[in-house]
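Chain naming here is simple, since letters A, B, ... match the order of the sequence lines and numbering starts at 1 in each.
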Number of protein chains: 2
Amino acid sequence: MRPDTDPQIRHLHLFRDMAQANFAELMSASYVQAFPPGLEMIRQGDPADFLHIVVQGSVELVGQWAGRECTMAVVRPVSTFILAACIRDAPYLMTARTLERTRIVLVPASDLRAMFRRDTEFAVAVINELASCYRSVVRNAKSMKLRNSRERVASYLLRQSILAGGVPAYTLPVEKRLLASYLGMTPENLSRTLRTLETDGVKIDGARVIITDRARLAALAKPDKLIDGPDTHAEESGSGLPAARS
Amino acid sequence: MRPDTDPQIRHLHLFRDMAQANFAELMSASYVQAFPPGLEMIRQGDPADFLHIVVQGSVELVGQWAGRECTMAVVRPVSTFILAACIRDAPYLMTARTLERTRIVLVPASDLRAMFRRDTEFAVAVINELASCYRSVVRNAKSMKLRNSRERVASYLLRQSILAGGVPAYTLPVEKRLLASYLGMTPENLSRTLRTLETDGVKIDGARVIITDRARLAALAKPDKLIDGPDTHAEESGSGLPAARS
DNA sequence: CTCGAAGGTTGACAATAGTCAATCCTGAAC
DNA sequence: GTTCAGGATTGACTATTGTCAACCTTCGAG
């Protein structure tokens, strides 16, 4: 594969501790592929033949059932996705669709599975990665079950502010309809909820979020470390939405 | 620890492939503890010092937030729980509460973390276990986001029948209020939903479930392999509700 | 056998969330 | 600039789900 992406990939928690020779071997078995926007690169139910690493662009992971669908996560560079399916040699549980022009490094799942038997540091890294991903989804499930949509929106807005460095204003990193789907609600409901939240410490102007009364918003969002994080090295494993920038 | 529980534990996917000496070492560092019914043995947020293995009784894993709580899983013998927290050396994300008198084997998390660096087969087993757990939670999250409560109940009833061997009648393995919480709804709503489902192929008599028209129920539940399984060796990792028996 | 506690059920009502349709941006192509 | 397409918003309405209170079972303790 093209070596120019190697350094970024090498720095991922998943790969940084393994022997250089082993990393090089994995990379030499891999290849890069570019996809146009809006393309379904993976369909849920397909066999998991490759670990995917986003090196450019962004990918939406969606769950589908009975003609409905919901966004489970958005993956931004540089991070991996669908590691678990590769390891289990099982069908993908989610469909992956590019949001923009995207470059992906594809690592054959079989090489991956062989490698963690040979390289202990890699095995440990995989263990840590999976444990993080697991915890991340559990947090998500808790948020979905314990909070109503208004509380989820408030939590999201507050958390994005914190992720962006505690700034009082930032721009939403994804389209609202995608955010709505991620939060488990309809775009219409999100739109209305954002409006009503203006009495609770946030001002919304298009994609711009301005936190006018952090304490008031927090009283509603009730941020909780065990749901909203922070969790170490979870951000590079494609189990949430990308962070905002102020 | 008491050796009489060793054989059952040894047969778990997590432990069956490791070297006998290493298994013995882990067990010798562990100890058994018995808990009365209704006891909170773990509180969410506590540091994860021990991998827990249920050898007798049953344990409910619940998520809590803002005074609310929901059941995430029920763990029955013989299976492990909170592996991920132990590995990450991070706080538990869920509270664990005994449903009945329960015996637990406690394996020190530090020994666990040391062991998978020494025993490759154990490391591989941990990887597989975590990947399975991860996929299990993703399935759950999909069910919660894509289905309404009526569909979740129908899916649950149908799946239990399949897990019990495709039988037309079985007994619910848990109390209805617990089931309601697991399915993300109130007991009242579950009660009403069960009643209305009688026009769709299931008869409910107390804790007894009789499937009168499987096709009709399936048309509503729309069972999906990517949500409802089956998934290999997921049942022993405490990421769902126990299976029913006819 | 009686009693009492706890789970389960039911009814009435309120809150929450989804649907459908119309309209309003907004930004990219021409 | 103009046009057009797609996202976002709004209104009106419906469906779903939760809340509160009352009541009914069931089952075990005494």
Side-chain angles (χ1 to χ4, degrees), chain A residues 36-38 60 65-71 74 97 99-101 143-157 171-200 202-209 220, chain B residues 36-38 60 65-71 74 97 99-101 143-157 171-200 202-209 220:
Chain A
E60 180 187 11
W65 179 78
R68 301 173 207 166
E69 67 173 57
C70 68
T71 302
V74 169
R97 184 188 299 140
L99 288 173
E100 50 193 315
R101 183 184 148 75
S143 187
M144 287 299 303
K145 283 179 103 167
L146 290 164
R147 290 170 168 159
N148 63 27
S149 64
R150 187 178 163 83
E151 290 160 341
R152 290 199 298 277
V153 173
S155 303
Y156 175 82
L157 293 177
T171 303
L172 289 174
V174 294
E175 286 178 351
K176 285 184 185 165
R177 73 203 171 102
L178 194 154
L179 176 58
S181 177
Y182 176 72
L183 294 174
M185 56 203 291
T186 59
E188 294 95 327
N189 192 10
L190 174 61
S191 185
R192 279 187 255 269
T193 301
L194 287 175
R195 180 148 299 286
T196 70
L197 280 177
E198 295 196 349
T199 64
D200 285 275
V202 239
K203 179 87 174 45
I204 308 292
D205 180 22
R208 193 81 188 154
V209 179
L220 178 61
Chain B
E60 179 188 12
W65 179 79
R68 302 173 206 164
E69 67 174 56
C70 68
T71 302
V74 169
R97 184 189 299 140
L99 288 173
E100 51 194 315
R101 184 184 147 75
S143 188
M144 287 299 303
K145 284 178 103 168
L146 290 165
R147 290 169 168 160
N148 62 26
S149 64
R150 187 177 163 83
E151 290 160 342
R152 290 199 298 276
V153 173
S155 302
Y156 175 83
L157 294 177
T171 304
L172 289 174
V174 293
E175 287 179 349
K176 284 184 186 166
R177 73 202 171 100
L178 194 153
L179 176 58
S181 177
Y182 175 72
L183 294 174
M185 57 202 292
T186 59
E188 294 94 327
N189 191 11
L190 174 62
S191 185
R192 278 186 257 268
T193 301
L194 287 174
R195 180 147 300 285
T196 70
L197 280 178
E198 296 196 347
T199 64
D200 285 274
V202 238
K203 179 88 174 44
I204 308 293
D205 180 23
R208 192 80 187 154
V209 178
L220 178 62

(message) Output the rounded distance in Å from CG (B:L146) to C1' (C:dA17).
(response) 16 Å
Got a list of protein N/O to nucleotides 26-30 of chain C N/O distances below 3.5 Å?
none

(request) Check whether any side-chain heavy atom of B:M185 sits under 4.5 Å from a side-chain heavy atom of B:V153, and report yes or no. (result) yes
(request) Would you indicate whether the side-chain heavy atoms of A:L157 and A:L172 approach each other to under 4.5 Å? (result) yes
(request) Quickly work out the A:R195 CZ to C:dC25 P distance and round it to whole Å. (result) 12 Å
Every protein N/O within reach of nucleotides 11-13 of chain D N/O, cut-off under 3.5 Å:
| unit_1 | atom_1 | unit_2 | atom_2 | d |
| --- | --- | --- | --- | --- |
| D:dG11 | N7 | A:R192 | NH1 | 2.8 |
| D:dG11 | O6 | A:R192 | NH2 | 3.2 |
| D:dA12 | N6 | A:R192 | NH2 | 3.3 |

(message) In this structure, how many angstroms lie between the P atom of D:dT16 and the CG atom of B:L190, rounded?
(response) 16 Å
(message) Give me the atom names and distance for the closest heavy-atom approach of B:C70 to B:S181.
(response) CA-OG, 3.2 Å
(request) Kindly write out the residues that satisfy side-chain hydrogen bond (donor to acceptor under 3.5 Å, both in side chains) with A:T199, not counting sequence neighbours, or none if the list is empty. (result) none
(request) Sequence neighbours left out, what pairs pass salt bridge (Lys or Arg N to Asp or Glu O under 4.0 Å) with at least one residue falling in residues 171-186 of chain A? (result) A:E175-A:R177
(request) Indicate the atoms forming the closest heavy-atom contact of B:T193 with B:T196, along with that distance. (result) O-OG1, 2.9 Å
(request) Please report, rounded to the nearest Å, how far the C1' atom of C:dT16 is from the CE atom of A:M185. (result) 10 Å
(request) Apply side-chain contact (heavy atoms from CB on, under 4.5 Å) to the pair B:D200 and B:R150, showing each step before the final yes or no. (result) CA-CA 11 Å; B:D200 285 274; B:R150 187 177 163 83; 2.6 Å; yes
(message) I need the CD1-P distance between A:I204 and D:dT10, as an integer number of Å.
(response) 12 Å
(request) Quickly work out the B:N189 CG to C:dT16 P distance and round it to whole Å. (result) 15 Å
(request) Drop me the distance from A:L190's CG to A:S149's OG, to the nearest 0.5 angstrom. (result) 8.5 Å
(message) Tell me the interatomic distance from A:R208, atom CZ, to D:dA8, atom P, rounded to whole angstroms.
(response) 17 Å
(message) Could you check whether any side-chain heavy atom of A:M144 comes within less than 4.5 Å of a side-chain heavy atom of A:R152, counting everything from C-beta outward?
(response) yes
(message) Whole angstroms only, please: what is the CG-C1' distance between A:L179 and D:dA8?
(response) 13 Å
(request) Just report the end-to-end axis angle for the helix from C:dC1-D:dG30 to C:dC30-D:dG1, five pairs per end, to 10 degrees. (result) 40°
(request) State, to 0.1 Å, how close A:T71 and A:E60 come at their nearest heavy-atom pair, and which atoms those are. (result) OG1-OE2, 2.7 Å
(message) Contact between A:L178 and A:L99 at the side-chain level, heavy atoms closer than 4.5 Å - yes or no?
(response) yes
(request) Identify the heavy atoms of A:Y182 and B:K145 that sit nearest to each other, and give their distance. (result) O-NZ, 2.5 Å
(message) Contact list please: residues 147-156 of chain A against DNA chain D, heavy atoms, distance less than 4.0 Å, in numerical order.
(response) none
(request) Looking only at side-chain atoms of A:T186, point me to the closest of C:dT19, D:dT17, C:dG8. (result) C:dT19
(message) When you compare the side chain of A:Y156 with that of A:V209, does any pair of heavy atoms fall below 4.5 Å?
(response) no
(request) State which of C:dT10, D:dA8, C:dG18 makes the closest approach to the side chain of A:K176. (result) D:dA8
(request) For residues B:L220 and B:L197, determine if any side-chain heavy atom of one lies less than 4.5 Å from a side-chain heavy atom of the other. (result) yes
